Amino acid sequence: MSVHVAADRDLCVGAGNCVLTAPDVFDQDEEGLVAVLDTDPAAAADRVAQAVDLCPAGAITATGGKTP
Amino acid sequence: MLTEDLPLFPFRSPGDNPFTPVTGTDLRHLDGPVTRVRLPTGGWTWLVTRHADVKQLLRSDAFSADMSSPNFPLLRPAPNGPRNRSGGFIRMDGDEHLRLRRMLTAEFMIKNIRRIEPLITDAVGSSLDALAAAGPPADLVEHFALPVPSLVICHLLGVPYADHAFFQQRSAILLDQSADPLKLRDAIGELRGYLADLIEARRQQPAEDLIGRLVTERVATGELDAEELIGMSLLLLIAGHETTANMIGLSTLLLLQHPEHLAALRDDEDLADGMVEELLRYLTIVRTGLPRLARRDVDVGGHTVRAGEPVTALLSLANRDDDVFAGGDDFDPYRQAQQHLAFGFGVHQCIGQPLARAELRIALVRLVRRFPGLALAADPAKLPQRDTSIVFGLAELPVTW
């Protein structure tokens with residue numbers, strides 16, 4: 001089951017853990033802050049959950065799908 | 001219990017194993033997940049040691065990182081007035097912290113670090129040549145572990161590497177909790193003066209390095225003042241070489257004591273990323289933990305920390321927590337260690353972590369390939385440890401090949 005991914009640039013501190021964990025879902029924009037590449041990734045629920053967990057600033061949310 | 005009856009932190013019981021973050025003698029003081037300990041400055045702090053609790057407290061805005069607050073858990077008396085805090089954003093909260101940190105987020109993002117990997121490879125290559133020329137035997141710390149990250153951060157910032165002895169000696173004093181307060185004040189003053197001169201030179205002669213760009217793009221526009229840029233540059237210079245240098249030295253010693261893992265890394269570079277994460281977890285070089293002050297009452301690990309009370313997040317024990325890392329006291333490069341807290345957690349999590357990861361991966365892989373017969377040239381129990389430094393490590397690592 002797919003998840004819906006959202007990221008809050010205002011909270012982001014540019015640590016980049018999300019890009020390391022799920023590079024197909026997250027990127028960093030020209031300021032180094034989080035950019036969501038795929039808001040409804042079909043097959044990345046586990047990695048998205050891990051990115052949510054590893055985000056030091058709590059800037060990423062994932063709704064639906066499996067709970068982490 | 002009276003403060004003077006509490007166990008003294010940082011723990012100092014003698015240990016001959018540099019991979020043990022807290023020895024048995026001191027572990028017995030920790031009778032729960034949140035323990036009160038005494039500090040060398042006469043105050044006390046709550047010591048938080050479980051992985052989940054450390055994560056919670058470092059991510060919560062209920063805790064301040066501003067060391068100028070009364071009761072902040074300092075390991076030594078503050079040498080400066082508040083003015084010199086300027087630019088040192090790891091000691092700031094909220095918008096003040098974010099404003100300065102965000103001037104650097106693009107510089108250290110993963111894409112940019114990938115672009116500078118050839119520069120890291122060159123720094124590793126020239127340091128390996130220098131190590132080869134110095135021995136065998138030779139001190140790996142002096143000829144490899146310290147030069148690699150120093151060359152890289154100098155190049156990125158635009159600090160002349162020829163001045164490395166000057167800033168390495170002074171930054172070691174800055175990190176040494178046992179340093180004489182006057183020596184500490186002098187070291188800070190000399191480093192700030194040195195960086196002020198460098199910034200002034202960039203103002204007169206623009207350059208494309210990080211300090212040069214900040215002068216042109218942020219100081220000239222009024223977004224950043226010169227004092228803030230000095231503080232920011234000082235933070236990057238020190239954090240940029242001391243941390244990775246100690247990780248390279250300790251990692252090498254660990255791999256030499258685990259020849260099977262050393263051989264695996266030499267034969268399969270794909271193992272390097274996972275091994276680096278496990279090295280970061282297992283070695284956790286910021287062993288004195290991260291200090292914070294509660295702004296309001298918060299529950300941590302079933303214990304209420306009151307507003308105004310000091311707290312210290314002990315990363316090294318959180319990274320050995322068996323609830324998250326089964327057999328946490330064992331080094332296992334095949335485990336998934338990505339949840340480690342070696343870079344801290346929360347809004348202050350290390351901004352240079354992509355750089356540190358790339359430096360460690362490239363340095364360790366190239367080292368074990370260049371010197372397949374690398375061996376320790378000293379008794380591992382007698383290696384001099386930097387045990388009074390905020391960043392733990394080996395002062396020397398004699399090797400042969």
Side-chain angles (χ1 to χ4, degrees), chain A, chain B residues 51-52 54-61 65 89-90 92-95 97-115 217 273-274 276-277 280 290 313 315 324 336-358 361:
Chain A
M1 186 180 160
S2 177
V3 292
H4 179 74
V5 181
D8 187 340
R9 281 178 98 260
D10 289 341
L11 293 177
C12 179
V13 293
N17 294 321
C18 54
V19 184
L20 211 56
T21 309
D24 47 340
V25 181
F26 301 100
D27 195 1
Q28 284 170 300
D29 65 16
E30 71 285 352
E31 291 174 73
L33 301 181
V34 60
V36 180
L37 297 174
D38 184 353
T39 53
D40 296 281
D46 288 350
R47 284 182 298 118
V48 167
Q50 195 183 6
V52 170
D53 183 51
L54 290 181
C55 176
I60 305 169
T61 47
T63 46
K66 283 189 280 187
T67 48
Chain B
H51 188 274
V54 166
K55 259 180 97 176
Q56 178 215 328
L57 96 81
L58 292 177
R59 189 146 78 174
S60 167
D61 67 0
F89 58 87
I90 59 168
M92 296 174 181
D93 298 325
D95 291 343
H97 160 258
L98 265 189
R99 177 179 79 87
L100 295 173
R101 179 171 173 126
R102 285 207 171 139
M103 292 184 193
L104 299 170
T105 43
E107 299 285 343
F108 292 97
M109 69 174 157
I110 293 169
K111 273 182 283 200
N112 275 340
I113 299 306
R114 287 206 183 109
R115 267 180 225 132
E217 295 166 17
D273 286 334
V276 164
E277 294 311 306
L280 287 162
L290 297 178
L315 307 175
V324 181
Q336 301 296 311
Q338 285 83 354
Q339 282 202 70
H340 71 76
L341 304 170
F343 291 117
F345 202 67
V347 297
H348 291 284
Q349 192 179 55
C350 176
I351 195 170
Q353 54 183 297
L355 176 62
R357 288 188 166 103
R361 171 170 46 80

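Order of the sequence lines sets the chain letters (A, B, ...), proteins ahead of strands, with each chain counted from 1. Because the structure is a prediction, the values reported are computed rather than measured.
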Checklist entry - Picking from B/E107, B/M103, B/Q339, B/H348, which has the most non-hydrogen pairs under 4.5 angstrom with chain A? => result B/Q339

Checklist entry - Who among B/R102, B/Q349, B/Q338, B/R357 has the most heavy-atom pairs with chain A under 4.5 Å? => result B/R102

Checklist entry - Tell me, do A/T61 and A/V52 make a side-chain contact under 4.5 Å, heavy atoms counted? => result no

Next on the checklist: Is it the case that atom CZ in B/R114 sees more than 12 heavy atoms from other parts of the structure closer than 6.0 Å?
Outcome noted: no

Item to check | A/D29, part contacting chain B, at a heavy-atom distance under 4.5 Å | outcome: backbone

Checklist entry - Given a strict heavy-atom distance threshold of 4.5 Å, which part of A/L11 is in contact with chain B: side chain, backbone, both, or neither? => result backbone

Item to check | A/L37 versus A/D24, closest heavy-atom pair with distance | outcome: CB-O, 3.9 Å

Checklist entry - If you count heavy-atom pairs under 4.5 Å with chain B, which of A/A57, A/G16, A/P23, A/G58 comes out on top? => result A/G58

Item to check | Heavy-atom proximity to chain A below 4.5 Å, by part of B/I110 | outcome: both

Next on the checklist: Quick check on B/R101 against chain A: is it the side chain, the backbone, both or neither that has a heavy atom closer than 4.5 Å?
Outcome noted: side chain

Next on the checklist: Checking the side chain of A/T21 only, and the main-chain atoms of A/N17 only, is there a donor and an acceptor separated by less than 3.5 Å?
Outcome noted: yes

Item to check | Separation of B/N112 CG from A/Q28 CD (nearest 0.5 Å) | outcome: 9.0 Å

Checklist entry - Hey, what do you get for CG (B/L355) to CE (B/M109), rounding to the nearest 0.5 Å? => result 14.0 Å

